[in-house]
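Report on one structure; see the data block that follows.
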Amino acid sequence: MIDERSAGAVVFYMEDNSEPEYLLLHYSAGHWDFPKGNIETGENEKQTATREIQEETCITDVEFLDGFRMKVEYKYRHGKKLVRKEVVLYLARAHTRKVILSHEHIGFAWRKFDDAMQQLTYLNAKNLLSSAKKYLQQRSFAYR
Ligand code: ATP
């Protein structure tokens, strides 16, 4: 079994008093998920998340919301090997909706909560998005 660790973020964009839109990426393997990537030696999780957002979307202007840090765990097969993966996700506000994709993904979408829930492929990612929405609502961050 191989262990893999990634970090990333639920990135959202929100104009004053409007509903947040969440950034989803279309992975070439077929799934829709959040920006994320492998934690490299010497990096902490937030540094990885910042770098991955930048590499995958070209968004550099993000503000991490304190106190939100969640984990998603899954296993997948890579050839004959089984990979056990842990992904740490933060919550980050983007101040732009302009995305330039890298070669790693085949599409992106800014989606309001209900549509994002439909579009995300995996249940664990949907659960995480629900937690992010609750977090924003509790802090009166989001629309009412
Ligand atoms: P990273 O963005 O961390 O570099 P990656 O693009 O190499 O990741 P993953 O997105 O982890 O790869 O996808 C690897 C495999 O795991 C794919 O087959 C994918 O369908 C599956 N997978 C991805 N996310 C989940 C999840 N949340 N739950 C279960 N399986 C997942």
Side-chain angles (χ1 to χ4, degrees), residues 1-15 18-139 141-143:
M1 179 109 67
I2 299 173
D3 281 306
E4 219 173 86
R5 285 184 70 231
S6 276
V10 176
V11 176
F12 68 99
Y13 175 84
M14 198 180 125
E15 300 199 338
S18 67
E19 197 174 337
E21 291 171 48
Y22 300 95
L23 178 59
L24 309 184
L25 298 182
H26 195 186
Y27 284 68
S28 47
H31 54 297
W32 284 86
D33 204 353
F34 306 111
K36 62 173 172 60
N38 283 355
I39 299 175
E40 291 177 1
T41 315
E43 270 183 339
N44 66 36
E45 294 163 346
K46 225 174 239 183
Q47 286 168 335
T48 303
T50 308
R51 176 179 56 72
E52 290 290 343
I53 293 167
Q54 180 166 354
E55 287 177 5
E56 297 185 339
T57 70
C58 281
I59 294 177
T60 51
D61 187 9
V62 289
E63 178 194 332
F64 285 89
L65 273 68
D66 283 342
F68 187 98
R69 177 185 176 277
M70 291 196 73
K71 265 188 214 173
V72 165
E73 288 171 327
Y74 51 91
K75 291 194 180 97
Y76 69 92
R77 288 213 161 271
H78 185 70
K80 286 187 179 159
K81 290 175 185 150
L82 189 60
V83 181
R84 179 172 51 201
K85 184 154 181 175
E86 180 186 286
V87 184
V88 169
L89 286 145
Y90 291 95
L91 180 57
R93 185 177 189 175
H95 295 287
T96 176
R97 248 190 311 218
K98 185 171 160 54
V99 168
I100 302 171
L101 286 180
S102 70
H103 64 279
E104 279 181 70
H105 299 99
I106 54 177
F108 72 94
W110 289 101
R111 292 281 185 254
K112 291 181 178 165
F113 179 75
D114 288 349
D115 292 338
M117 288 294 274
Q118 291 281 323
Q119 195 150 7
L120 282 166
T121 303
Y122 292 105
L123 183 62
N124 47 19
K126 292 177 201 267
N127 289 339
L128 197 127
L129 182 64
S130 292
S131 301
K133 182 193 180 192
K134 272 194 206 114
Y135 181 97
L136 292 176
Q137 282 176 330
Q138 278 163 7
R139 277 152 190 79
F141 211 89
Y143 64 101

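Both ligands and their constituent atoms are indexed starting at 1 by order of listing. Please read these numbers as outputs of a predicted model, since none were measured by experiment.
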Report task. May I ask you to identify the nearest protein heavy atom to atom 9 (P) of ligand 1, giving residue, atom name and distance to one decimal place in Å? Result ->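 Closest protein heavy atom to atom 9 (P) of ligand 1: Lys36 NZ, 3.4 Å.
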
Closer than 4.0 Å to some heavy atom of [X] - which atoms of ligand 1 meet that?
{"X": "Lys85", "value": "1 (P), 3 (O), 5 (P), 8 (O), 9 (P), 11 (O), 12 (O)"}
{"X": "Asn124", "value": "26 (C), 27 (N), 28 (N)"}
{"X": "Tyr27", "value": "2 (O), 6 (O), 10 (O)"}

How does [X] reach ligand 1, by side chain, by backbone, by both or by neither, if only non-hydrogen atoms under 4.0 Å count?
{"X": "Ser6", "answer": "side chain"}
{"X": "Glu104", "answer": "neither"}
{"X": "Asp33", "answer": "side chain"}

Query - Heavy-atom neighbours of Lys126 NZ exceed 12 at 6.0 Å - result: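 Counting other residues, nucleotides and ligands, NZ of Lys126 exceeds 12 neighbours.
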
Query raised in the report: Under 30°, 30 to 60°, or over 60°: which ring-plane class applies to Trp32 and His26, parallel, tilted or perpendicular?
Result: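 Parallel, since the angle between the ring planes stays under 30°.
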
Show which side-chain atoms of residues 49-58 pair as donor or acceptor with protein atoms under 3.5 Å away, not counting sequence neighbours.
residue, atom, partner, partner atom, Å
Thr50, OG1, Lys46, O, 2.7
Arg51, NE, Glu43, OE2, 2.5
Arg51, NH1, Glu55, OE1, 3.3
Arg51, NH1, Glu55, OE2, 3.4
Arg51, NH2, Asn38, O, 3.1
Arg51, NH2, Glu43, OE1, 3.0
Arg51, NH2, Glu43, OE2, 3.4
Glu56, OE1, Lys36, N, 3.1
Thr57, OG1, Ile53, O, 2.5
Thr57, OG1, Ile59, N, 3.0

Query raised in the report: For the salt bridge (charged side-chain N to carboxylate O under 4.0 Å, His left out) test, which of Arg97, Arg111, Lys133 pairs with Glu21?
Result: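 With Glu21 as partner, salt bridge (charged side-chain N to carboxylate O under 4.0 Å, His left out) holds for just one option, Arg97.
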
Query raised in the report: Can Gly37 be said to touch ligand 1, with heavy atoms closer than 4.0 Å?
Result: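 Contact present.
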
Requested in this report: Out of Tyr122, Tyr76, Tyr74, indicate the one that has the non-hydrogen atom closest to atom 11 (O) of ligand 1.
Outcome: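 Selected option, by shortest heavy-atom distance: Tyr74.
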
**Report entry** Partners meeting side-chain hydrogen bond (donor to acceptor under 3.5 Å, both in side chains) with Tyr76 (sequence neighbours left out)
**Finding:**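 Testing Tyr76 for side-chain hydrogen bond (donor to acceptor under 3.5 Å, both in side chains), a comparison that skips the adjacent residues, returns Glu4.
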
Query raised in the report: Is the side chain of Arg84 donor-acceptor paired with the backbone N or O of Met1 at a distance under 3.5 Å, no angle test?
Result: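 Checking the backbone N and O of Met1 against the side chain of Arg84, no donor-acceptor pair under 3.5 Å is found.
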
Query raised in the report: Between Trp110 and Tyr13, is there a donor-acceptor pair closer than 3.5 Å when you use the side chain of the first and the backbone of the second?
Result: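 Judged by distance alone, no pair lies under 3.5 Å.
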
Requested in this report: Answer with yes or no after comparing the ring centroid distance for His105 and Tyr27 against a 6.0 Å cut-off, counting only values under it.
Outcome: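 Yes - the distance between ring centres of His105 and Tyr27 falls below the 6.0 Å cut-off.
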
Query raised in the report: Is there at least one protein heavy-atom neighbour under 4.0 Å from atom 18 (O) of ligand 1?
Result: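 When distances to the protein are checked, atom 18 (O) of ligand 1 has no heavy atom within 4.0 Å.
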
Report task. Consider every N or O of His31 and every N or O of ligand 1, then say whether any pair is closer than 3.5 Å. Result ->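 Checking ligand 1 against His31, an N or O pair does fall under 3.5 Å apart.
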
